[in-house]
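Since the structure comes first, as structure tokens, the remarks are kept for the end.
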Amino acid sequence: MGFIINVAYFAAAVLFIVGLKQMASPVTARRGIIWAGWGMVIATVVTFLHPEVRGFINYLLIILGIGIGGGLAWYTGKRVAMTDMPQMIALYNGMGGGAAAGIGIVALMGSYELSWTIQFIAVVGVIIGAVAFSGSLIAFAKLQGLITKSLRFDMQQKINLGVLGATVLLGIIISFSGAQVNGALLTVFLLLALAFGILMTLPIGGADMPVVISLYNALTGLAVGLKGLVLDNAALMIAGIVVGAAGTLLTQLMAKAMNRPISNVLFSHFGESSGGDQSEVTGTMKEIEASDAGVMMAFADKVIIVPGYGMAVAQAQHKIWELTQLLQERGVTVKFAIHPVAGRMPGHMNVLLAEAGVPYDIIYDLDEINSEFKTADVAIVIGANDVVNPVARSNPESPIYGMPILNADQAKNVIVIKRGKGAGFSGVENHLFFADNTRMLYGDGQKAASALISSIKEIG
Amino acid sequence: MIEGFVALYIFMLAAFTGYEVISKVPVILHTPLMSGSNFVHGIVLVGTMVALGHAETTAQMWVGFIAVILAAGNAVGGYVVTERMLEMFKSSKGAK
């Protein structure tokens with residue numbers, strides 16, 4: 001029996017790694033997740049034969065638990081809107097962290113002797129898992145709009161450090177307290193670890209959440225890997241550590257794409273609005289009618305579309321794709337330019353465009369497309385603001401200075417589709433809107449796109 | 001029993017593998033890939049099954065039971081959302 005289990009776990013580990021590898025390319029990504037899925041099924045089924053799984057009630061509870069947890073996740077996962085994807089990932093990730101902490105607690109509650117190293121590893125796993133659990137829940141609540149304020153108070157960092165210190169101290173005591181761990185001590189320890197996750201996440205602003213979610217994803221992986229060591233289970237060790245390492249790298253890539261060092265995200269408080277600069281804006285905003293904008297695009301050679309989260313909120317991506325196809329039929333080259341923070345998470349906008357049917361090979365990221373704006377006849381900015389603000393290049397006083405932006409202002413004509421005249425997320429006036437080559441098309445994203453479509457159709 | 005140093009080797013090799021596998025990923029796949037790796041650590045389900053499987057006291061069973069629910073949520077939820085996202089990625093050349 002042990003042989004079959006080991007073969008199955010080995011197969012699962014291979015499927016996970018190959019699956020992840022395939023997920024790193026858009027061509028094979030779908031196959032990758034399916035392979036990894038089979039790995040999970042094999043590993044789960046074979047675990048029912050595990051010699052340490054015994055007792056009728058235990059079997060019953062396992063099946064019941066899988067049914068409840070799996071059923072709820074299946075239902076919510078199938079229904080969640082693509083715009084809400086980041087917080088759902090946070091939620092599922094948090095559950096994994098909680099589960100890893102649970103394994104550690106069960107092991108520490110046991111009456112049988114564990115070596116102090118194993119006990120210590122279990123303790124570390126509980127801390128990491130519990131922090132990932134409560135932290136992810138806060139991240140979920142923030143992105144879902146359940147928590148709108150970022151809690152900040154005096155001495156916050158010192159208090160957080162104190163809570164962490166107390167958690168670690170209790171953890172060390174537990175590691176050396178042998179087989180009989182005091183239940184009350186264990187409870188306090190778990191609560192402290194959970195509290196630290198909450199305290200650490202509360203002050204971080206919504207804009208930085210993606211990096212935080214990615215970090216917790218890596219932490220959960222690490223916690224799972226450590227639990228593999230406690231349970232003497234190689235499948236857990238390999239899958240957990242692979243994710244821990246991949247997640248760490250992904251966190252770094254995301255932070256880099258957003259121009260936010262990880263230490264800044266965790267320990268300084270940007271992310272929310274920061275004052276806004278008072279620099280003089282020259283020129284005026286010039287309005288354009290949809291019919292004129294339509295003509296401009298229909299007779300262009302090259303159009304670059306710059307979508308922002310506002311487009312997704314207005315559910316305009318389907319109309320934009322329709323518009324794109326219309327232009328392509330007329331022989332216009334259309335490209336999409338995606339800023340790393342265009343969605344709520346790097347890559348999120350790509351998912352939203354993919355949902356509307358936009359093929360990924362006409363979607364370009366910042367580095368690929370920025371030199372092309374010079375040769376574009378029209379750049380359409382829809383629902384994006386700060387990511388095309390040229391002050392990020394020119395004005396060192398500005399709070400967004402230094403952030404990489406899309407050089408939409410270098411296109412011959414810029415059309416900005418915008419709901420109203422307000423400033424962006426960061427509260428900074430956008431100088432692009434006042435530029436000589438910019439025309440404003442006011443209105444709801446979806447309606448504006450529809451108006452553009454009908455005006456191009458009229459040209460015939 | 002996986003001996004101490006063997007465990008260390010497994011950890012090191014797995015860490016390099018994870019790093020290598022992700023290192024050339026384009027930005028467009030960051031969100032699905034994070035979701036996919038989130039699914040992979042759903043393997044914690046296997047661990048929770050073993051933990052609950054040999055639970056003896058009522059308290060252990062409760063903690064184990066909750067852990068199994070959470071882990072199943074991680075695995076199933078992670079799979080469903082990743083698959084939904086990746087299903088939509090299409091090339092204009094029609095090749096999947």
Side-chain angles (χ1 to χ4, degrees), chain A residues 16 20-21 23-24 26 29-30 33 37 43 47 52-53 58 61-62 65-66 68-70 73-74 77 88-89 92-93 95-96 98-100 102-103 105-106 109 214 217 220-221 224 227 229 231 236-239 241-243 245-247 249 345-348 350-351 354-355 359-361 365, chain B residues 1-2 7 10-11 14-15 17-19 21-22 25 27-31 33-38 40-55 60 63-83 85-92:
Chain A
F16 286 152
L20 270 179
K21 177 81 199 158
M23 271 187 254
R30 175 100 192 278
I33 182 66
T47 303
E52 279 189 57
V53 180
N58 302 55
L61 284 177
I62 289 173
I66 293 177
I68 295 174
W74 181 274
M88 280 323 273
I89 298 173
Y92 297 139
N93 172 51
M95 292 173 90
I103 296 175
I105 296 289
V106 173
M109 282 159 85
S214 180
N217 184 41
T220 304
V224 172
K227 292 306 153 196
L229 205 56
L231 293 173
L236 251 69
M237 285 171 67
I238 294 170
I241 296 300
V242 165
V243 173
L249 180 60
M345 184 182 276
H348 188 206
N350 304 79
V351 172
E355 187 190 14
Y360 59 79
D361 46 13
D365 63 28
Chain B
M1 177 70 196
I2 300 165
I10 294 179
F11 267 40
T17 308
Y19 206 85
V21 158
I22 299 294
V25 62
V27 180
I28 74 161
L29 282 171
H30 277 187
T31 296
L33 195 66
M34 183 162 123
S35 180
S37 60
N38 173 38
V40 168
H41 67 54
I43 188 68
V44 71
L45 175 59
V46 166
T48 58
M49 286 169 73
V50 174
L52 175 56
H54 67 228
Q60 275 185 314
V63 177
F65 181 57
I66 293 168
V68 169
I69 293 178
L70 290 174
N74 181 187
V76 175
Y79 182 82
V80 171
V81 296
T82 310
E83 213 270 337
M85 281 192 273
L86 291 176
E87 184 193 28
M88 299 180 314
F89 279 85
K90 289 183 197 80
S91 161
S92 58

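In what follows, chains are A, B, ... by sequence order, proteins preceding strands, each numbered from 1.
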| request: Calculate, to the nearest 0.5 Å, the distance between atoms CD1 and CZ belonging to A:Ile241 and B:Phe11 respectively. | output: 4.0 Å
| field | Max heavy-atom pair count under 4.5 Å with chain A, selected residue of B:Asn38, B:Val76, B:Val80, B:Ile22 | value | B:Asn38
| request: Go through the steps to decide whether B:Thr48 and A:Lys227 satisfy the test side chain to side chain contact (heavy atoms under 4.5 Å, CB included), and finish with yes or no. | output: CA-CA 10 Å; B:Thr48 58; A:Lys227 292 306 153 196; over 6 Å; no
| field | Minimum-distance pair of heavy atoms, taken over all atoms of B:Ala72 and A:Gly70 | value | CB-N, 3.6 Å
| said: If I compare all heavy atoms of A:Gly37 with all of B:Tyr79, which pair ends up nearest, and what's the gap? | reply: CA-CE1, 3.7 Å
| field | Pick from A:Ala239, A:Pro346, A:Ala29 with the largest number of heavy-atom pairs that fall under 4.5 Å of chain B | value | A:Pro346
| query | If you count heavy-atom pairs under 4.5 Å with chain A, which of B:Gly78, B:Ala15, B:Gly77 comes out on top? | reply | B:Gly77
| Identified side chain to side chain contact (heavy atoms under 4.5 Å, CB included) counterpart of A:Met23 within the set B:Leu29, B:Val21, B:Leu33 | B:Leu33
| request: Pick whichever of B:Thr82, B:Val25, B:Leu52 has the most heavy-atom pairs under 4.5 Å with chain A. | output: B:Leu52
| Between A:Val242 and B:Val40, is any pair of side-chain heavy atoms under 4.5 Å apart? | no
| Taking the side chain from A:Asn58 and the backbone from B:Ala55, do they hold a donor-acceptor pair closer than 3.5 Å? | yes
| Under 4.5 Å from a heavy atom of chain A, the part of B:Leu45 involved | side chain
| remark: Tightest non-hydrogen contact, residues A:Val106 and B:Ala51, listed as CG1-O, 3.8 Å
| message | Looking only at heavy atoms and a cut-off of under 4.5 Å, which of A:Val351, A:Leu231, A:Ile68, A:Ile238 has the most pairs with chain B? | response | A:Val351
| Which residue out of B:Ala71, B:Gly47, B:Gly36 racks up the most heavy-atom pairs below 4.5 Å with chain A? | B:Gly47
| field | Derivation of the side chain to side chain contact (heavy atoms under 4.5 Å, CB included) call for A:Phe16 and B:Thr17 | value | CA-CA 11 Å; A:Phe16 286 152; B:Thr17 308; over 6 Å; no
| query | Top residue by heavy-atom pair count (under 4.5 Å) with chain B, among A:Gly96, A:Gly98, A:Ala43, A:Gly102? | reply | A:Gly96
| field | CA sep, side-chain torsions, deciding dist, call: A:Ile89, B:Thr31, side chain to side chain contact (heavy atoms under 4.5 Å, CB included) | value | CA-CA 9 Å; A:Ile89 298 173; B:Thr31 296; 4.2 Å; yes
| remark: Between A:Tyr360 and B:Ile28 the two heavy atoms that sit nearest each other are CB-CD1, 4.0 Å
| Contact check, side chains of B:Val68 and A:Leu61, non-hydrogen atoms, under 4.5 Å | no
| Any idea which heavy atoms bring A:Met345 and B:Met34 closest together, and the distance? | CE-CE, 3.6 Å
| query | Among A:Ala100, A:Gly77, A:Ala73, A:Ala99, which has the most heavy-atom pairs under 4.5 Å with chain B? | reply | A:Ala99
| Top contributor to chain B interface from A:Leu249, A:Asp365, A:Ile105, A:Val53 [non-hydrogen pairs under 4.5 Å] | A:Leu249
| request: Decide yes or no on side chain to side chain contact (heavy atoms under 4.5 Å, CB included) for B:His41 and A:Asn217, but give the supporting numbers first. | output: CA-CA 9 Å; B:His41 67 54; A:Asn217 184 41; 2.9 Å; yes
| query | Which distance, rounded to the nearest 0.5 Å, do you find between the CE of B:Met85 and the CG of A:Asn350? | reply | 11.5 Å
| query | Measuring from A:Glu52:CD to B:Met49:CE, what's the distance to the nearest 0.5 Å? | reply | 13.0 Å
| query | Out of B:Gly42, B:Ser37, B:Ala67, which one racks up the most heavy-atom pairs below 4.5 Å with chain A? | reply | B:Ser37
